[in-house]
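Notes to accompany the following structure.
As the structure is a computational prediction, the values presented were derived from the model and not from experiment. Proteins get letters first, then strands, A, B, ... in listed order; numbering begins at 1 in each.
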Protein chains: 2
Amino acid sequence: MTSFYSEKHKFLLAVDCIIFGFHEGELNVLLLHRSFEPEKGKLSLPGGFLKENESLNDAAIRVLNELTGLENLYMEQVHTFGDVHRDSGERVVSVAYYALININDYDTSLLGKYNAIWVKSTDMPNLVFDHSEMVQSARHALCQRAAIEPVGFNLLPEKFTLPQFQTLYEAIYGEVLDKRNFRKKVLSMNVLEKLNEKDKLSSKRGAFLYRFNEEKYKEFISKGYDFTI
Amino acid sequence: MTSFYSEKHKFLLAVDCIIFGFHEGELNVLLLHRSFEPEKGKLSLPGGFLKENESLNDAAIRVLNELTGLENLYMEQVHTFGDVHRDSGERVVSVAYYALININDYDTSLLGKYNAIWVKSTDMPNLVFDHSEMVQSARHALCQRAAIEPVGFNLLPEKFTLPQFQTLYEAIYGEVLDKRNFRKKVLSMNVLEKLNEKDKLSSKRGAFLYRFNEEKYKEFISKGYDFTI
DNA sequence: GCAAAAGTGTTGCCATTACACCCATGA
DNA sequence: TCATGGGTGTAATGGCAACACTTTTGC
C-alpha cells in the first residue's frame with residue numbers, strides 16, 4: 001500500500017534572515033551581495049536552504065551563526081513567502097526570520113568574507129525578489145514585539161545609557177519620544193539597574209550606564225505589570 | 001554549469017487551516033476526522049499539500065473553499081511549523097492559516113461529507129501532531145488582529161445586534177466586557193448603521209439590528225482614527 | 001406581574017501628554 | 001565662557017473603568 005504522502009510535489013525551502021543591528025542612532029540591516037545566479041551581484045538578505053534533518057528554526061540559527069559568528073541570538077519567525085514566481089531562478093518557498101544583534105559583538109572582518117554591508121533601515125536599497133517586502137514585514141514585527149517585550153536590549157551592549165536606549169526606541173518606532181516621559185516610564189518599571197559608571201563618548205558631562213536586570217524583569221512581570229514602552 | 005539550486009533537498013509543504021465560526025456565543029473551530037494514516041481517525045485541522053504551480057495563499061484558499069464551499073473568506077497566515085518530526089508520517093513543513101466565516105453561510109451537509117465537526121475553541125480536544133499549537137497561535141493572531149481591524153464582522157451575519165457583537169468580542173478576547181462601555185465605544189466610531197428592524201430571537205423585547213458600513217469605516221480611518229475595541 | 005434581555009449616563013481615576021530650565025564638563 | 005548633551009517635575013487632559021436602573025414584551 002502506498003503512502004498518502006507519495007506523489008505529492010516537493011519544494012525547495014529557504015530561510016531568509018533580517019539581521020538588525022543598532023548603530024549611530026539607527027537600525028541597520030545586514031545585506032549580502034548575492035554570489036550566485038540569478039540576480040548575482042544584487043543585494044539580498046542572507047539566507048540558506050533548509051536541510052533534510054533540520055528544523056526551520058535550526059536553519060535560521062545556522063544561517064545567523066554562519067553570517068555573524070554569534071550564537072543564541074534573539075530571533076523570531078516573521079512570515080512565509082510562497083508566491084510561485086517570487087524567486088526568478090526556481091520555485092522556492094521562503095520563511096523570513098528577523099534577528100537582533102549587538103552590533104559591537106559583530107566581527108566586521110566578516111563583512112569582507114561574505115561581501116556584506118550594513119545598511120540603514122531608513123535608507124534601504126532595492127533588494128532581489130521579495131526581500132524588500134520581507135524587511136518591511138520584519139520591521140513591523142519588531143515594532144510590535146518591542147512594544148510589549150524587552151527585546152530591544154538585544155540590540156544594545158550590556159551596559160547602555162538612557163539616551164542610547166531612547167534613541168533605540170525612536171529608531172524602532174520611527175518617531176521621536178519625549179525625554180522626560182520616556183525616562184519616567186522606563187525607570188518606573190524598575191527593571192534597570194543604574195551603575196556607578198558614566199559613558200562619556202557622546203557628551204562631555206557623560207551619561208550614567210544602566211544594565212537590564214532579568215531578575216527585576218521577572219519580578220515586574222510576576223506582579224502582573226506589562227512591559228509597554 | 002549546474003544551478004546553485006540543484007542538489008538541495010526538497011520538502012513536502014502543507015497548509016493547515018483554522019476555520020473559525022461564531023455560534024451560540026462561542027468561537028468554534030472546524031475539525032476533521034483524519035481519513036488516512038498515520039493517525040487515521042484522530043481529529044485534525046483541515047489541510048492540504050501545496051501544488052506545483054500554486055502560491056501558498058492560493059493553496060489556503062483552495063483548502064478553505066473545498067471544505068466550506070465558500071469563497072473570498074477573510075484569512076491570514078499565522079505561522080509556519082517546521083520541526084523535523086512534527087508529522088509522524090513523513091517530513092512535512094506546514095503553514096498555518098486562519099479563516100473567519102459566517103457560520104450561517106456554512107452548508108452543514110458538508111459535515112457529513114468530510115466527516116467534520118465544529119468544536120468550541122474553549123473546549124478543544126487533542127489534535128494530531130502540532131495542530132493544537134496551531135490553533136493556539138491562530139487564536140492569538142485573531143485576538144491581536146481583531147483589536148485593531150474590523151475583522152470580527154466576517155464572523156457575523158450581515159445584520160447583527162449589538163449584544164451579539166459584544167458577545168463575539170468577548171469570545172475572541174476571552175473576557176467579559178462592560179455593556180455600556182462597549183456600546184459607547186463601538187457606536188462612537190460611527191461605522192455601524194442602525195436598521196429599523198429588530199431581532200427577537202434572543203429576547204422578548206428584541207434588539208436592534210446593525211450593519212457594518214464599509215464607507216463609514218473608510219471615512220473613520222481617513223480621519224486618522226484607529227479601530228481599537 | 002414577572003422574568004429576561006435591551007438599552008442608557010455619569011463620575012472618578014489613572015495614564016499620557018505637553019512643556020522649560022538647570023547641570024556638568026571639555027574644549 | 002560657551003556649546004553640548006544629560007538630567008529633572010508638574011499640571012492639564014482625555015481615555016478608560018466602574019457602576020444601577022429603566023424599558024419592553026412574551027409568557
- To the nearest angstrom, the CZ-P distance between B/Phe208 and D/dT24 comes to 10 Å

- Task: Return the value, rounded to whole Å, for the distance between atom CG of B/Asn181 and atom P of C/dG7.
- Result: 16 Å

- Note on the structure: Whole-Å distance, A/Lys198 NZ to D/dG5 P, equals 15 Å

- Item | Interatomic distance, B/Leu162 CG vs C/dA5 P [rounded to whole Å] | 17 Å

- Item | Distance in angstrom units between A/Asp178 CG and D/dA11 C1', rounded | 14 Å

- Using 30° and 60° as the class limits, which term best fits the ring planes of A/Tyr217 and A/Phe227: parallel, tilted or perpendicular? perpendicular

- Do the side-chain N or O atoms of A/Arg180 get closer than 4.0 angstrom to the phosphate oxygens (OP1, OP2) of D/dG7? no

- Task: Return the 5'-most residue of the pair A/Lys184, A/Lys204 with respect to DNA chain D, ranking by each residue's nearest nucleotide.
- Result: A/Lys204

- Message: Over all strands shown, is B/Lys200 touching base, sugar-phosphate only, or nothing at heavy-atom distances under 4.0 angstrom?
- Response: sugar-phosphate

- Task: Identify, between B/Leu187 and A/Lys185, the residue whose nearest nucleotide on DNA chain C lies closer to the 5' end.
- Result: B/Leu187

- Item | Any side-chain donor near an acceptor of the partner, B/Ser94 and B/Asp16, under 3.5 Å | yes

- Indicate yes or no for a side-chain donor-acceptor contact from A/Glu193 to the backbone of A/Arg211 under 3.5 Å, with no hydrogens or angles considered. no

- Message: Just to be sure I understand the rule, does A/Thr161 reach a base, reach only the sugar-phosphate, or reach nothing, if contact means heavy atoms closer than 4.0 Å?
- Response: nothing

- Query: Roughly how many Å is it from CG in A/Leu209 to C1' in D/dG5, rounded to a whole number?
  - Reply: 15 Å

- Task: Grab the CZ-C1' distance between A/Arg205 and C/dT25 for me, whole Å please.
- Result: 9 Å

- Message: How many whole angstroms separate atom CD1 of B/Ile229 from atom P of D/dC16?
- Response: 12 Å

- Task: Check whether the ring centres of B/Phe153 and B/Tyr74 lie less than 6.0 Å apart, and answer yes or no.
- Result: no

